[in-house]
Amino acid sequence: MRLSRYFLPVLRDTPKEAEIVSHQLMLRAGMIKQSAAGIYSWLPLGVRVLDKIAAIVREEQNRAGAVEVLMPTIQSADLWRESGRYEAYGKEMLRIVDRHDRDMLFGPTAEEVITAIFRDCVRSYKDLPKNLYNIQWKFRDEIRPRFGVMRGREFLMKDAYSFDLTADAARQAYQRMFVAYLRTFARMGLKSIPMKADTGPIGGDLSHEFIILAETGESQVFCHKDLIEGAVPAADTNFDGDLSGIFADWTSKYAATEDMHDAAKFEADVPKDSRVSARGIEVGHIFYFGTKYSEPMGARVQGPDGQLVTTHMGSYGVGVSRLSAAIIEANHDANGIVWPVPVAPFEVGLVNLKAGDAETDKAANDLYAKLQAAGIEVLYDDTDERAGGKFATMDLIGLPYQLIVGPKGVKVGEAEVKDRRSGARDTLSMDAALARVIDGVTSQRVLV
RNA sequence: CGGAGCGUAGCGCAGCCUGGUAGCGCACUUGCUUCGGGAGCAAGGGGUCGGAGGUUCGAAUCCUCUCGCUCCGACCA
């Protein structure tokens, strides 16, 4: 993409309403634009990041055996009356009345919709297990939205729903998502830690929040430090097999958020020098809730003996739009964002330091064509801005590699490669610079 | 919803106390000079001062109401 044709409204100053660094940088880098409290437009750079994150989520959901659907944003209140949640949900639910005076709502979640789909379409235990997910915009009318897209009212969420014949089978479904989540976040360059979460009225040990550590995290978390560097399950993990070993590895050590924290147990179970107390951002939440919706909504299948069995359900959320901010919280420096390759809006920033100079243009155009031919996603700064501004913008938007071409280098057949994360700059021959960038990108596209 | 604060040009701000018809920096346009880490000079464009009432000869400024946004708290992917 040529920057001259792109839409990248970067800001030099930090808008005063932005409190945390990810919000500041997303505004400054031209990723988002606020439309109303907690509601944002996504500008081109932001859309690309959102798409990258969603693609990774999608791949890992598919790998784990979940199947994608797409459910509506606007739901009928009648469904929610069936589950009993229409009255229970409170003011967080945005209620809408259509022209026929029917009660509608902007979905804050989709248990009711998916349960209705399931009960209407599935009759036999032979069709189980099933796990259906969608990546869709949700709306929760938070009392106080804040921190940009981290706590917006409108947000993009992946939500999956599993249906099983028995509680034991549901446990396996839970573990499949558990493993998928470990992989999902690791692929984005994040170290996520599953932490015991409140299971509500169901009880048991089947609810975890996936937390990434960040100073600006909303909740205080406590865990064993080994979990920070825990082994991420491999890509060839057999999701049809027994995952209880992996699950046990990750859940045997202490990890809890503030509201589930047991200080006495923490001190008893974790050696003093292994105790981690930090701030965390919740990027995923999974839980098993049994027959909470399937019972009132009649999601039953016939078992082998011909008897109707109420299905056991679980649901599994990933905050896709929140992740874009969370990744920035974990990957930035004084100059701007530092994207991990797998979620970077572009993989390389090609900088023409003297647009309009025939020789420099020729060299830069050539590199641009070669990068594209190599399948690299490149943002080509072909504008006639001054060098300093170009460097500042590139650092701000945080593309993993900068390939810098100027008249001095062109004269001797050289270009400069800058690694955004390390800051290291190397002057190489054109071909070597090109190879360095291509190798760097391709080797980091898949982290686990 | 309770507490606090802020709305003046795209962004950051001054002016308000002590009313007199709007200003600074960046950004933007044009020209010249610069040109490898946010250049210099010159000339420009852009704002019904969030909105509505009121006081006054006169309101960005004073009063009342209202809307929006932000921060702290309770709530949450």
Side-chain angles (χ1 to χ4, degrees), chain A residues 9-20 23-24 27-28 30 33-40 53 57 89-93 107-111 135-160 181 185 197-198 207-212 218-219 257-259 280-287 315-326 334-336 351-357 360 381 383-396 402 404-411 414-416 418 423 425 427:
Chain A
V10 297
L11 301 174
R12 192 158 170 171
D13 299 309
T14 301
K16 66 174 176 183
E17 74 267 18
E19 194 74 6
I20 63 170
H23 189 195
Q24 295 172 347
L27 290 168
R28 288 192 55 211
K33 179 105 175 76
Q34 180 163 340
S35 179
I39 300 176
Y40 293 84
I53 293 169
V57 169
Y89 214 87
K91 288 188 155 185
E92 269 198 356
M93 179 188 282
T109 176
E111 277 84 4
I135 299 174
Q136 178 63 289
W137 291 92
K138 306 291 192 298
F139 193 94
R140 293 183 190 171
D141 201 356
E142 298 283 346
I143 296 168
R144 185 152 96 80
R146 63 184 123 174
F147 303 148
V149 300
M150 191 80 83
R151 265 290 288 285
R153 291 194 290 174
E154 189 177 57
F155 56 97
L156 187 60
M157 183 170 96
K158 185 284 300 184
D159 42 322
Y181 276 31
F185 301 125
D198 191 356
S207 180
H208 287 87
E209 289 181 10
F210 284 73
I211 300 283
I212 65 165
E218 286 199 89
S219 46
T257 56
E258 206 165 10
D259 40 332
I281 299 170
E282 180 185 357
V283 290
H285 194 164
I286 62 178
F287 45 94
S315 78
Y316 316 90
V318 170
V320 174
S321 49
R322 169 180 283 190
L323 272 166
S324 65
N335 296 321
V351 181
N352 180 338
L353 285 181
K354 195 164 186 181
D357 176 76
T360 312
D381 186 347
T383 66
D384 60 3
E385 201 192 340
R386 301 167 55 81
K390 292 193 176 205
F391 291 135
T393 297
M394 276 298 168
D395 283 353
L396 174 62
Q402 295 170 20
I404 299 159
V405 185
K408 291 178 192 167
V410 168
K411 276 198 179 67
E414 290 177 342
E416 185 175 295
K418 174 172 170 178
R425 294 186 293 176
T427 301

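Note on naming: letters A, B, ... go to the chains in the order of the sequence lines (proteins, then strands), and numbering restarts at 1 for each one.
Counting only heavy atoms from C-beta on, A:Asp395 has its side chain closest to B:rG37 among B:rG73, B:rC1, B:rG37. The side chain of A:Lys418 lies closest to B:rG37, out of B:rG37, B:rC71, B:rA77. Side-chain proximity of A:Arg322 to B:rG37, B:rC1, B:rA77: nearest is B:rA77. Here the nucleotide nearest the side chain of A:Arg144, chosen from B:rC76, B:rG73, B:rG37, is B:rG73. Relative to the side chain of A:Ala37, the nucleotides B:rC76, B:rG73, B:rU70 differ in distance, and B:rU70 lies closest. Each of B:rC76, B:rG37, B:rC1 was ranked by its minimum atom distance to the side chain of A:Glu92; first place goes to B:rC76. Closest to the A:Ala392 side chain, of the nucleotides B:rG37, B:rG38, B:rA77, is B:rG38. Taking the side chain of A:Pro407 as heavy atoms from C-beta on, and the options B:rA74, B:rG36, B:rA77, the nearest nucleotide is B:rG36.
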Taking only nitrogen or oxygen atoms into account, show me every contact under 3.5 Å that the protein makes with nucleotides 25-33 of chain B, one pair per line with its distance.
{"unit_1": "B:rG25", "atom_1": "N2", "unit_2": "A:Asp13", "atom_2": "OD2", "d": "3.4"}
{"unit_1": "B:rC26", "atom_1": "O3'", "unit_2": "A:Arg12", "atom_2": "NH1", "d": "3.4"}

Short N/O separations, protein against nucleotides 41-43 of chain B, under 3.5 angstrom:
none

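Atoms CZ and OG1, on A:Arg12 and A:Thr393 in that order, are 9.5 Å from each other to the nearest 0.5 Å. Atom OG1 in A:Thr109 sits 6.5 Å away from atom NZ in A:Lys138 (nearest 0.5 Å). Atom-to-atom distance recorded for A:Ile281:CD1 and A:Ile211:CD1 is 9.0 Å, nearest 0.5 angstrom. Taking CE of A:Met150 as the start and CD1 of A:Ile20 as the end, the distance is 4.0 Å to the nearest 0.5 Å.
One atom, NZ of A:Lys16, and another, P of B:rU8, lie 6 Å apart when rounded to the nearest Å.
Partners of A:Glu258 according to the side-chain contact (heavy atoms from CB on, under 4.5 Å) rule, which considers only residues two or more places apart in sequence or in another chain, are A:Gln220.
When the side-chain nitrogen and oxygen atoms of A:Arg386 are compared with OP1 and OP2 of B:rA39, one or more of them lie within a distance under 4.0 Å. Taking only side-chain nitrogens and oxygens, A:Arg153 never comes nearer than 4.0 Å to OP1 or OP2 of B:rC76. Contact annotation: A:Gln34 reaches the phosphate of B:rU70 (side-chain N/O to OP1 or OP2, under 4.0 Å).
Mapping A:Gly388 and A:Phe147 onto RNA chain B by nearest heavy atom places A:Gly388 at the nucleotide closer to the 5' end. Toward the 5′ end of RNA chain B lies the nearest nucleotide of A:Lys390, the other residue of the pair A:Lys390 and A:Ala36 mapping further downstream.
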Could you go through A:His285 and A:Ser315, starting from their C-alpha distance and side-chain angles, then the distance that decides it, and tell me whether this counts as side chain to side chain donor-acceptor pair (under 3.5 Å)? CA-CA 8 Å; A:His285 194 164; A:Ser315 78; over 6 Å; no

What's the verdict on side chain to side chain contact (heavy atoms under 4.5 Å, CB included) for A:Leu353 and A:Thr360, showing C-alpha distance, side-chain angles and the deciding distance? CA-CA 8 Å; A:Leu353 285 181; A:Thr360 312; 5.6 Å; no

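Ion pairing between A:Glu19 and A:Arg146 fails under the 4.0 Å rule for side-chain N and carboxylate O.
Between the side chain of A:Arg151 and the base of B:rC75 there is at least one donor-acceptor pair of N/O atoms closer than 3.5 Å.
When Watson-Crick and G-U wobble pairs are counted only if both distances are under 3.5 Å, B:rA9 pairs with no nucleotide at all. Base pairing of B:rA4: its partner is B:rU70, meeting the Watson-Crick or G-U wobble criterion (both donor-acceptor distances under 3.5 Å).
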